[in-house]
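Lettering of chains follows the sequences in order, A, B, ..., and the numbering in each one begins at 1. No hydrogens, no waters, no symmetry mates; every other heavy atom, side chains included, goes into these values.
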Number of protein chains: 2
Amino acid sequence: MGRRSIHTAEELRELILTSTTELIEDEGLAGLSAREIARRIGYSPGTLYNVFENIDDLVLTIEGRLLDQLALSLHAVPEDECPHQRLKNIAKAYLRFTHDNPRLWNLLFEHHMQTGAEIPPWYQEKLENLLAEVERELTRLIPGASDARVKRAARVLWAGVHGITSLSTTDKLATVTTDDAAPLVEDLIDHYLGGLTNKKS
Amino acid sequence: MGRRSIHTAEELRELILTSTTELIEDEGLAGLSAREIARRIGYSPGTLYNVFENIDDLVLTIEGRLLDQLALSLHAVPEDECPHQRLKNIAKAYLRFTHDNPRLWNLLFEHHMQTGAEIPPWYQEKLENLLAEVERELTRLIPGASDARVKRAARVLWAGVHGITSLSTTDKLATVTTDDAAPLVEDLIDHYLGGLTNKKS
DNA sequence: ACCTGAACACCGTTCAAGT
DNA sequence: ACCTGAACACCGTTCAAGT
């Protein structure tokens, strides 16, 4: 027993993160276990606790990386469109991302912190950055609107797209199939934005 | 050991169901365990398996009852309104229901069948009945619309309301707080239906 | 017929002991 | 300094044995 030093501290950390990510994409949250991660990386379970505080800490780190990847995908959506079209393209990019990482994405909803543990501030920031992208386009679309109105619209759209992808991913409320997701998202955005801009009241 | 017959078979079944429901509302899915249920009802773990096939079977039964309760709540929404207003009232009833049973409701998304197990047909039927209520009002609202268009609109609304409640319940994507949910749902329905009816293209 | 409780194959996490 | 592996307190599920 004792030191092996086959991997540096950073290599080991990365090995744990990639192996865990693979494990989740393979088996879902249900198949996730500290002992299984240890088996996959060829270390004892105890080693994980030298690198991460606990499994929550490890999973939260993976979730943060996932949010970063999503942010990159959304920022990559070309700017040279009208706001309405760009919002649709952002939504499509979101859809593609969740489609490519379904189990990892589900992690964000299904994994809860153990009682007492708080969600770190950097996590909240990442989320708000994602919403900011939507808010920017909405401001372009309805220039006269108040901040509150834009914020509300961004959350409604975000939640709506989330709801559609969520229902198409979850088995239990699957009145929506995966194939339906894209047209439903288009329908939501077209009609919601239509109602937003064609306002008479 | 051996027979006790303090409870009849039906009493025991009901005892398990109510205790498990309470346990879930207390501790969430994470705190759910066969051994903890057994402790709470004062029977050995093995007894659970005389009544239910396994924990999945038990949980699915609870979920079915939950869907029945929701169906009752939605059907209880008064009919004497215009479709637009009735849809808003149905959504509000939905919101109230999820607010009153947050952890149980989350069960529907967070609890997955073990690999290989299928979701029973009665479960799907309950879901479709809920959607049918929304489809009926939409048909009244846009009488000329095709079946496909109504179905699509019903799913978009359903998913949208689900997304809002889901985000307000989940800790991990909580850019939406619980207080926000009702106004966001109103906003969604008003603008989406506005876009649906004010169609020019 | 009904219920138990030991048994089996698992968990997350800690920490003394080894190199 | 780094890593192990036994230990502790848990799991879900099965099934022979008891009344």
So, [X] and [Y], do they make that salt bridge, N to O below 4.0 Å?
X: A:Arg65; Y: A:Glu14; answer: yes
X: A:Arg152; Y: A:Glu135; answer: no
X: B:Glu133; Y: B:Lys126; answer: no
X: B:Arg103; Y: B:Glu25; answer: no
X: A:Lys88; Y: A:Asp190; answer: yes
X: B:Asp26; Y: B:Arg40; answer: yes
X: A:Glu79; Y: A:Arg136; answer: yes

- Query: Hey, does B:Leu12 reach any base, or is it just sugar-phosphate, or nothing, if we go heavy atoms under 4.0 Å?
  - Reply: sugar-phosphate

Using atom [atom1] of [X] as one end and atom [atom2] of [N] as the other, report the distance to the nearest whole Å.
X: B:Arg39; N: D:dG12; atom1: CZ; atom2: P; value: 9 Å
X: A:Phe52; N: C:dG12; atom1: CZ; atom2: P; value: 15 Å
X: B:Ile37; N: D:dG12; atom1: CD1; atom2: C1'; value: 11 Å
X: A:His112; N: C:dG12; atom1: NE2; atom2: P; value: 18 Å
X: B:Tyr43; N: C:dT4; atom1: OH; atom2: C1'; value: 12 Å

Short heteroatom pairs, N/O only, protein and nucleotides 13-16 of chain C, under 3.5 Å:
| residue | atom | partner | partner atom | Å |
| --- | --- | --- | --- | --- |
| C:dT13 | OP2 | A:Tyr49 | OH | 2.4 |
| C:dT13 | OP2 | A:Ile55 | N | 3.2 |
| C:dT13 | O5' | A:Tyr49 | OH | 3.1 |

- Query: Parallel under 30°, tilted from 30 to 60°, perpendicular over 60°: which one fits the rings of A:Phe109 and A:His162?
  - Reply: tilted

- Relative to each other, are the rings of B:Tyr94 and B:Trp105 parallel, tilted or perpendicular (30° and 60° limits)? perpendicular

- Query: Within less than 4.0 Å of OP1 or OP2 of C:dG5, is there a side-chain N or O belonging to B:Ser44?
  - Reply: no

- Residue pair B:Gly42/A:Glu36 against DNA chain C: nearer the 5' end by closest nucleotide is B:Gly42

- Note on the structure: Using Watson-Crick geometry (N1-N3 plus N6-O4 or O6-N4) or G-U wobble (N1-O2, O6-N3), each under 3.5 Å, C:dG12 is paired with D:dC8

- Item | Complementary nucleotide of D:dC3, counting Watson-Crick and G-U pairs under 3.5 Å | none

- Message: Near DNA chain C, counting only heavy atoms under 4.0 Å, which residues of residues 20-32 of chain B show up?
- Response: none

